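In what follows, a structure is listed as structure tokens, so that the remarks can point back to it.
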Amino acid sequence: MKGLLLDLDYYSEEDRPIIRMFFKGEDENFVALDDSFSPYFYVMPDGPGETDSGPEEVRERILGADFGKIGVVDVEKEEKRLFGDTITVLRVVLNHPQDVPKIRDGIRDIEGVKAIYEHDILFVRRYLIDRGLVPLSWVEVEGEWVDGGVVKVDSIKPVKPGDGGAGVPPGVSGLSVLAFDIEVYNPKGAPRGESDTDAIVMISLASNTGIRKVITWKRPVGNMDFVEVLDSERAILKRFADIVAENDFDVLAGYNTDNFDFPYIKKRLEKLGMELPLGRDGSGIAIRGRKGLPEVKITGRVHIDMYPIIKKSVRLSSYVLENVVRDVLGIEKEKIPGDMLWKFWDEGRENFERMIRYSMEDAEVTLKLCEKFLPRYCELARIVKQPLHDISRMTTGQLVEWLLMREASRGGEVIPNRVSGREAARRREDSYMGGYVKEPRKGICENLAVFDFRSLYPSVVVTHNIDPSTLIKSGERGEEGGKDGECDENRAPGLEYCFSRRREGFIPAILENLIERRMEIKERLKKMAAGDKVDTVDVRMLDVEQYALKILANSFYGYMGYPRARWYRKECAESVAAFARMYIKKVMTVAREEFGFEVVYGDTDSLFIVVPKEDRGRAEEFLKAVNRSLPGSIELEYEGFYKRGIFVTKKRYALIDEDGKVTVKGLEFVRRDWAPIARRTQQEVLTALLKGAPPKEAAKIVRDAIEDIKNRNVSLEDITIYTQLTKSISAYKNVGPHVVAAKRLMEHGREVAPGMVIGYVITRGMKGISERAMPVELVDIQDYDPEYYIDNQILPANLRIMEAVGYSRGYLKEGIRQESLSKWF
DNA sequence: CTTAGCCGGGG
DNA sequence: GTGTACGGCTAAG
């Protein structure tokens, strides 16, 4: 049998674990059971000279120890490596994964036991590693059919060993995906599943197989052909499960479904005393609690929560679904506040229909988000070779770690242990110098060429062989350091560390492989582009794959400096940063001293130089010369040309290219919790300066805004600040302006609930700012405080930029032109 | 200035 | 389930 491995788990039968794998077959789906795999871990005995115990004695003690009812199946001596050093370990084999914690703790106390390794590796993940299997890839299963669609495994292997991508179907990897969303009746604020009133009133569904449907239990007045009306909450829940089962979806997807939808459905099922067979084996919703973060598993299908995926994939100020789809899909979608939905349900008519459309859209955009982001995670699952469910919830550090764990295990390396919370906290204190950021030449400059290093950090790791096993600290050289000079030539600049080149380090070897795979794919893509294959399925898949490889490769440096990493080595991360600083400074020096370019700015791996049009040829020469002198895979690349730029401080600048496209970095204080007039003014100032207006024109924009505020020539909208009420009013210890405004709303008989966005205006008076906040619904525009809007809104938003072009606070505010400055403009 | 504690998304 | 987040922000110290 051949199948695409979707997910796997294990269950117990007569004290033995049975691995259960769910496959999407070429024709029919099937399940494979493997009872042949046993859990194990490693014991490291004391080394020679440390005690009298050798591996043999420790082996005998373990075999002879009494662990109560459970026992050790086998103990075998093995040669392995730990951080590159050869060591002797004992492989302790047990019957059941749940025996591991008990026996591990018993063995710790046995004399001559120095350390225990690989005792915390989840059973199914260990199975995937040891059998060399790859999720979402084709697997060859031989065995005997024991039941309808269930095969008992005799042998199992990847169709093409080592190649995750063999014959993988296109799109969201050929998987059938159902996106869903529930709406809840919550008249008392936060919905409580155990309450009689807070029922699930609507379930909307959108699939990549063409389903588009809202199931509810109240009939809309108008004709809405995608609505299916049943008679109760119970009925819509059952219908949901029926649709899942009939279509046998591979993936169930939602937004924040780990945290809300599935746990809520589960609560309602308990309340209603019903079971809902959502899993492929007829099982229900299984919630696993990671500390403070639940994770929902639906057996045999992959449950994807898009919220954690989006959070890791795009940087946004808010991950509210409407905000996400606006930013990443360009779709404007209506938001109905959570405290309005129950009213819309009660009101019926137009508002109820609005609610139905809102719910439908939620499922539809969730499906779209899946189509956009899931392929990347499918690819990561194939590269890291762990289940999609887990991969989609991992941080990049965890992805790197599981990749390393598989490579270590299959290459004869013992996997290092995780550290305690206390040790991780201690490591967090170990700070070191990061990237080099040049202080910018503040103000406006024209004709900027920008260069950056291609994947600088990964290249440094590979080129300088940076790895825990190759690290030699000064004074610890001796035999490991080899003959004098071997190490010195590979010394981290300014540090007492160097890296042996005698053998390739574990991490550089894996990283080099990832980089090479990515380069091969990029070559293939280049050829395809040349051959007119521009937007085919193949091109899109390869592009996703190279991007997934890039994400992983770029995470290795951070991983070595990540306090909880099994392969944490501060000296390595520190050295990578030191080499990178050396390279960026070196190219800056070459640009300045050998080519006479002015270096305006640079951050970590980039440099910005002034290149007048007639000098562009020399800029190319500079690039070539620099690259001739750089070692290994370290390479500087041309990023682009910009007509003009404004540099405010380190990491805060704006650029405009020759097509008029504006890039703004770091000026992030332009946020929704600022008054529109401040945001708009800053935007206008930046744009004017970038388009080449003289600074005095920009100053006039600020002056005009200030005059408008003074003269009360502003609209209420211009001065309204919005902040979300995140909890109930009484729960706030510190009463901010939006809380004060909310209180005033309440005093006027308005209902106020957590989640509401409060709009307020700061009014005149003697008290603190918060006390002067009035809800926009109740304020008289005449009462607003011009000084607040000038001093706390307009000036902070614009002063930093205007100071960079020579203006002072005094001039902007009072119109006082400073003598020393007047000659400049 | 540092530290402790809360919050996110969802309705 | 051979497990126990995390990074950002603010109020408090």
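Computed from a predicted model, the values in this text were never measured in an experiment. We name chains A, B, ... by the order of the sequence lines, and we start the count at 1 in each one.
In this structure, the nucleotide among dT2(C), dG10(B), dG11(B) sitting nearest to the side chain of P191(A) is dG11(B). Distance from the side chain of Y319(A) is smallest for dG9(B) among the nucleotides dT2(C), dG11(B), dG9(B). The side chain of V320(A) lies closest to dG10(B), out of dG11(B), dG10(B), dT2(C). Comparing dT2(C), dG11(B), dG9(B) against the side chain of E183(A) picks out dG11(B) as the nearest. Comparing atom distances between the Y307(A) side chain and each of dT4(C), dG8(B), dG11(B) picks out dG8(B) as nearest. Nearest nucleotide to the P101(A) side chain, out of dT2(C), dG10(B), dC6(C): dT2(C). The V100(A) side chain lies nearest to dT2(C) when the options are dT2(C), dG8(B), dG10(B).
The aromatic rings of H303(A) and H389(A) sit tilted, their planes meeting at an angle between 30° and 60°. Under the 30°/60° scheme for interplanar angles, the aromatic rings of F240(A) and F180(A) are found to be tilted.
If you take CZ of R418(A) and P of dT2(C), they are 14 Å apart, rounded to a whole angstrom. Rounded to whole Å, the distance from NE2 on H738(A) to P on dC7(B) is 12 Å. In this structure, L316(A) atom CG and dG7(C) atom P are separated by 18 Å, rounded to whole Å. Residue M405(A) contributes atom CE, which lies 12 Å from atom P of dT2(C) at whole-angstrom precision. Counting to the nearest Å, the P atom of dG10(B) and the NZ atom of K267(A) are 18 Å from each other. One atom, CG of L321(A), and another, P of dG11(B), lie 8 Å apart when rounded to the nearest Å. Atom CG in L293(A) sits about 13 Å away from atom C1' in dG10(B), given to the nearest Å. We find that CZ of F260(A) is positioned 14 Å from P of dG8(B), with the value rounded to whole Å.
The residue D99(A) sits apart from the nucleic acid: no heavy atom pair falls under 4.0 Å. Using a 4.0 Å heavy-atom criterion, one finds that N259(A) contacts the bases of the nucleic acid, with or without backbone contacts as well. Within 4.0 Å (heavy atoms only), Y117(A) reaches no atom of the nucleic acid at all. R126(A) comes within 4.0 angstrom of a nucleotide base, judged by non-hydrogen atoms across all strands. Heavy atoms of I336(A) sit nowhere under 4.0 angstrom from any nucleic acid atom. Within the nucleic acid shown, Y10(A) comes within 4.0 Å of sugar-phosphate atoms alone, with no base atom in reach, counting heavy atoms only. Residue R564(A) is in sugar-phosphate contact alone, with no base atom involved, counting any heavy-atom pair closer than 4.0 Å across all strands shown. Using a 4.0 Å heavy-atom cutoff across all strands shown, G254(A) reaches no nucleic acid atom at all. Backbone-only contact: Y562(A) has heavy atoms under 4.0 Å from sugar-phosphate atoms and none from a base. Across all strands shown, V184(A) has heavy atoms under 4.0 Å from sugar-phosphate atoms exclusively, and none from any base. Residue-level contact check: I310(A) touches neither bases nor backbone, having no heavy atom under 4.0 Å from any strand. Using a 4.0 Å heavy-atom cutoff across all strands shown, Y185(A) reaches no nucleic acid atom at all. Among the atoms of the strands shown, only primed sugar atoms or phosphate atoms (P, OP1, OP2) are found under 4.0 Å from some heavy atom of D362(A).
dG8(C) and dG9(B): their C1' atoms are spaced 15 Å apart (whole Å). Between dG8(B) and dT2(C), the two C1' atoms lie 31 Å apart (nearest whole Å). dT4(C) and dC7(B) have their P atoms separated by 25 Å, with the value rounded to a whole Å.
In summary, the aromatic rings of F37(A) and Y10(A) are positioned with their centroids too far apart to meet the 6.0 Å limit.
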Between E347(A) and N351(A), is a side chain to side chain donor-acceptor pair (under 3.5 Å) present by the stated rule, with each step listed?
CA-CA 7 Å; E347(A) 282 169 31; N351(A) 276 343; 2.6 Å; yes
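Toward the 5' end of DNA chain B, the nearer of the two residues G292(A) and L341(A), judged by each one's closest nucleotide, is G292(A).
Annotation: cation-pi pair K218(A)/F352(A) present, NZ/CZ under 6.0 Å from the ring centroid and within 45° of its normal. Geometrically, K385(A) does not engage W402(A) in a cation-pi contact defined by less than 6.0 Å to the ring centre and at most 45° from the axis.
Side-chain contact check for Y319(A) and D327(A): no donor-acceptor pair (N or O, by modelled atom type) lies under 3.5 Å.
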